[in-house]
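Contents: one structure, followed by commentary.
It should be emphasised that the depicted structure is a prediction, and the values quoted were computed from it without experimental measurement.
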Amino acid sequence: MGDGSLTFAIPVRDPRGVEDWDAVKELMAITLRSLFAQQGPRPRVVIGASPGTALPPLPDGVQVVEADLPYRPLPPEQGPQRWDAILVDKGLRLAHALAAARPQGHVMVVDYDDLVSSRLAATVAASPDAPGWFVDAGYQWDGGPLAALLPTGFNDLCGTSLLVRADLLRIPADPDDPANLEWIKQTLGSHKRWHGLFGLE
């Protein structure tokens with residue numbers, strides 16, 4: 001079961017596919033401050049990124065795992081091919097990060113530009129054996145002076161809304177083994193199945 005710890009995992013896209021990498025770094029720095037502003041035990045943070053990726057200054061407790069994946073631009077058109085490419089890229093970056101970090105408690109996948117509640121680590125520490133939780137209500141913020149409250153369905157819109165006990169994720173020891181790819185795509189590549197798959201509260 002879980003040990004009461006919380007690991008935040010951040011998949012970072014290859015900078016070659018991002019228009020304004022400086023803006024990404026600025027947002028990531030804000031996200032990292034949010035992650036470490038926990039009221040409970042200090043969390044771990046692991047980042048899955050391409051080798052040589054320029055990152056913002058990192059606080060103590062951040063582990064960077066280089067996922068040496070072939071660079072493939074995302075198909076420009078919306079559709080099944082683009083979605084599949086996103087599942088593979090995000091899933092493999094997270095699989096490499098989590099295989100290296102070996103979390104023993106709960107895991108929350110966090111987008112580089114999201115903020116989280118300061119109560120998450122304390123919630124995990126209080127119920128280390130729970131399968132996990134989903135956040136039904138949250139705020140949508142675009143950087144301006146106002147944030148919009150979504151009173152329900154937040155977890156359907158935002159992937160940074162679910163905590164799962166690490167053993168349930170079945171993190172493969174070898175993320176590059178082709179036999180693991182489908183599981184990686186369907187679990188780590190997207191948050192959409194987590195609520196039902198893991199029985200989150």
Side-chain angles (χ1 to χ4, degrees), residues 1-13 31-32 34-36 38 40-50 61-69 83-114 116-117 119-136 138 154-201:
M1 295 297 186
D3 66 359
S5 65
L6 174 58
T7 298
F8 293 114
I10 306 176
V12 177
R13 288 183 57 196
T31 294
L32 289 168
S34 169
L35 301 184
F36 282 111
Q38 294 297 306
R42 185 172 175 82
R44 298 173 64 196
V45 175
V46 59
I47 295 174
S50 297
V62 177
Q63 178 182 2
V64 179
V65 177
E66 293 187 342
D68 195 4
L69 308 176
W83 180 240
D84 189 72
I86 291 172
L87 295 181
V88 171
D89 186 74
K90 179 179 180 180
L92 284 173
R93 291 179 190 283
L94 286 170
H96 279 273
L98 293 171
R102 298 182 180 179
Q104 300 300 308
H106 284 72
V107 171
M108 183 177 201
V109 175
V110 178
D111 290 337
Y112 72 87
D113 57 351
D114 284 346
V116 301
S117 167
R119 301 188 298 271
L120 299 177
T123 298
V124 169
S127 302
D129 294 336
W133 302 267
F134 70 98
V135 179
D136 185 44
F154 180 76
N155 58 296
D156 292 326
L157 176 69
C158 178
T160 307
S161 60
L162 303 107
L163 299 96
V164 173
R165 211 175 62 228
D167 62 295
L168 298 177
L169 290 174
R170 292 166 39 196
I171 301 161
D174 181 6
D176 294 320
D177 183 342
N180 296 321
L181 183 59
E182 193 59 32
W183 175 256
I184 288 171
K185 286 168 54 179
Q186 297 302 321
T187 55
L188 299 178
S190 171
H191 71 284
K192 295 292 186 182
R193 297 177 64 221
W194 283 27
H195 187 181
L197 188 63
F198 301 124
L200 305 186
E201 300 173 4

Mind listing the closest non-hydrogen atom pair of F8 and L35 along with its distance?
-> CE1-O, 3.6 Å
Looking at I86, L87, V109, which one forms a side-chain contact (heavy atoms from CB on, under 4.5 Å) with S190?
-> L87
May I have the step-by-step check of side-chain hydrogen bond (donor to acceptor under 3.5 Å, both in side chains) for H96 and D68, ending in yes or no?
-> CA-CA 9 Å; H96 279 273; D68 195 4; over 6 Å; no
Between the side chain of [X] and the main-chain N/O of [Y], is any donor-acceptor distance below 3.5 Å?
X    : Y    : result
D174 : D176 : yes
H106 : A130 : yes
T31  : Y112 : yes

Below 4.5 Å, heavy atoms only, C-beta onward: do [X] and [Y] meet side chain to side chain?
X    : Y    : result
L163 : V107 : no
D89  : L69  : yes
D111 : K90  : yes
Q63  : I47  : no
V135 : L162 : no
S161 : F134 : no
V164 : W133 : no
P172 : D177 : no

Cationic N near anionic O, under 4.0 Å, D84 to K185 | yes
Would you say the side-chain atoms of S50 and R93 include a donor-acceptor pair closer than 3.5 Å?
-> yes
Greater than 12 external heavy atoms within 6.0 Å of R102's CZ | no
